[in-house]
Asker: 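Quick one: the structure is below, and I'll ask about it shortly.
Here is how names work: the chains are called A, B, and so on, in the same order as the sequence lines, proteins then strands, and each is numbered from 1.
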2 protein chains.
Amino acid sequence: MTSISEEISSVIDIRRNRLRSNLILELYQSGQTSINKMARLFHASIPSATGIVNDLMKEGWVTETGTGPARAGRPPVLYGLNAQKYFTLIMDINRHDTQLVVFDLANQLIVKKQVDLKLEDSEDFLDALIGETDGFLKAQGIKREKLWGIGMSMPGLINVKKGVNQTYPHLTRSDMSLAARLEGYFGLPIALINDTHATTIGEHRFGLAKGKKHVLTVNIDWGVGLGILLKGEVYNGATGFAGELGHIQVQPDGLLCHCGKIGCLDTITSGFALIRQAREGIRAGRMTILPQLLKEGEPLETHHIIKAAHNGDEFSIDLLSRLGMELGKGIATAVHLFNPEIVIVTGVLAEAGPYISNPVEQAIHKYCLSDFKNSLSIRISELGSKARLWGVQAHLIEDLVVKEFS
Amino acid sequence: MTSISEEISSVIDIRRNRLRSNLILELYQSGQTSINKMARLFHASIPSATGIVNDLMKEGWVTETGTGPARAGRPPVLYGLNAQKYFTLIMDINRHDTQLVVFDLANQLIVKKQVDLKLEDSEDFLDALIGETDGFLKAQGIKREKLWGIGMSMPGLINVKKGVNQTYPHLTRSDMSLAARLEGYFGLPIALINDTHATTIGEHRFGLAKGKKHVLTVNIDWGVGLGILLKGEVYNGATGFAGELGHIQVQPDGLLCHCGKIGCLDTITSGFALIRQAREGIRAGRMTILPQLLKEGEPLETHHIIKAAHNGDEFSIDLLSRLGMELGKGIATAVHLFNPEIVIVTGVLAEAGPYISNPVEQAIHKYCLSDFKNSLSIRISELGSKARLWGVQAHLIEDLVVKEFS
DNA sequence: CTCATTTATTAAAATAAATTAATAAAGAGT
DNA sequence: ACTCTTTATTAATTTATTTTAATAAATGAG
């Protein structure tokens, strides 16, 4: 026995814990696997894998989930995570609203609530969020003990190490970081992640990017975000800001961006820019059905323009097409630098479907060297916002597993 | 004993080989380490690490290299690679000439020969290269048996898996890839790598980027190349083309690039472009000492312009400064996408020192969000072309170790 | 010179894990 | 129903490796 002071875990413990966490993660990611497969995958013997799986079953982490297919002979028993061992709480926050979701460990949605909380840079926001969440959990009768941790996605430059969103500094009060405050209040581990990064993980684990190693996700919402996945892992950059496609300069004599620079991509291809362009066009007397779509006093939003386009409104189609071209040019730049296998377009503007994706694809063909194009596919997300929610979940769980079995 | 047909290596062999290759790589990269450190590093016990080191010593891979410092008590014995176990042959090829270099495993230069072979896209080139190399090895009395492998760096889009340079397709004859031909002729493993990628590895292992995790290397030569190192590893992209900064469009109404696109960065900021700009200026009658620097009939080259700038020639300084600004703008784009810790400028134009680096830095300040700048440093390489040579060497050895101890 | 301190070496003991083998179980095909 | 094939289970055996401990070696400090 080692004394408490010299709590240096032994080599054997380290290796055993590594195997345990590998197994848990594999079970989470694959859904279910046989012992044979796991043993081969992690270079362990079958008895030894069996032993660990049995331990994990005793501890309630793992259950038998059925049997697999067999060409001949006895079919393998499949094991999976005990989906009810813990639940997770996901807070998905954006500028329009906030979703509170509870998942089980099989990514099954348990309960969900859409809350009318728009992200803004104030101390009050976090208080309101905590209040809403508390109410939600109480109403649903979900005890803190049944929660494994909290995952939180939001737009902005997120410094993961510090647990801070630098785009919304006022969410951090005095000396307590955003993550620390939530962690303190709920007594649960928090995983903070940028919304586009989360989407990328979701698409990689469960969507169009499954099995791919090099993936870009373009998220067109209020601004333009780029999610990057390289060698099968999310890439964050040195300080977590990688992928700021929205603030590369594309027009030297363009408009002033909210970031203070001139002619950023954001000033042309964001949801914000689209509305501005539409308003300008309407004011200039362009023919369009857009004004008719608005109720008395209702402000113009992106979904109106998308709807108009789907109704054949030439003006709206034109706006989306121009936006797509410019966006495609920006994506072409990213493609030259990252050389990905797949680019996935997501976000509110992805609802515009081919009105966006066609010009994007066209621009990529125009601006990319053929060497890049040949190995590249451009797709509109099929998972939609589910990618982001599942992405946060995957990120959270991967984080928790490392913590739990360190 | 397992029969030959069922050569499935056991779990124990796999683990042991992994530890062996880890140790060898660690010894190569660190130069020398103590057994204690290695055991801790790779989660093995001291006796077990000792055993493997002793085996490796018997096999001639490892030698004692001295003793390390000790605050108190017996100083640790340090072990290192046996530098003479094998030598490596490095072929460093570019459009001006070719260098043949033999290193030992401690990266010490054994012999070096500069060969007057300019890279060109023809079958003859490879024959000439093989001939020169043969002669070089014979003249130096270096037997094939003493060589562990051959590392080869050259510009162009290199498909590592296929062993082909797609920019110079004629180096590949009929059905034999470039790498396969060399491998066949010399009977040695070949590691092919893009020159800028090699430079990046060199700077990371032995230069300014040592210890950094996220590094960009900008190589300004005939064209603009970008070397990318993320999470401590070189990043190649899905098909090995990542980092084609030179062919992102920066001028919608610019010049036609040799790649067929319009207004690529290459058309403004490459060595080729610099000479074109200088010629145009001279023809337009700009005041400059450039013509005086040229001997009768000598063609203008980049080093003339750099020399003129160092002599205070305003025209040349102006040219370099404009080029630096444009290059900096391009780098700013890459910085937004990769969020690196350090950007290292290398290549022939790096010789221009502050005439290039100052405007580059200025442009980055102008075009980068402050979040990126705060954690970023821009440096001119201190290793120069040594970075590339050592980079190829490191790449080759890392490759060989994996092959040798699989 | 002696002591304290640290690394090295070696061997013995203990443990963990792999390997092996034998048997059982669960289907699929004939 | 029987064979074939594969997985599962279990136990015995063997091997590898860790752990422990005791001793030796190397150095600096007092």
Asker: I'd like to know if A:Asp55 and A:Arg16 make a salt bridge, using a cut-off of under 4.0 Å between side-chain N and carboxylate O.
Answerer: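 The answer is yes: the pair qualifies as a salt bridge.
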Asker: Take atom CG of B:Asp13 and atom P of D:dT14, then tell me their distance rounded to the nearest Å.
Answerer: 19 Å
Asker: Aromatic ring centroids of A:His214 and B:Tyr235 under 6.0 Å?
Answerer: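 So the answer is yes for these two rings.
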Asker: Going by salt bridge (charged side-chain N to carboxylate O under 4.0 Å, His left out), name the residues that satisfy it together with B:Lys162, two or more places apart in sequence or in a different chain.
Answerer: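 In terms of salt bridge (charged side-chain N to carboxylate O under 4.0 Å, His left out), with neighbours along the sequence ignored, B:Lys162 is linked to no residue.
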Asker: Is the closest basic N to carboxylate O distance between B:Glu233 and A:Lys231 below 4.0 Å?
Answerer: yes
Asker: Can you sort out the partners of A:Ser34 under side chain to side chain contact (heavy atoms under 4.5 Å, CB included), two or more places apart, ordered by chain and number?
Answerer: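 Partners of A:Ser34 under the side chain to side chain contact (heavy atoms under 4.5 Å, CB included) test: A:Asn36, A:Lys37, A:Pro76, A:Leu78.
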Asker: Treating primed atoms plus P, OP1 and OP2 as sugar-phosphate and everything else as base, which nucleotides of nucleotides 5-18 of chain C get B, S or - for protein heavy atoms under 4.0 Å?
Answerer: BBBS-------SSS
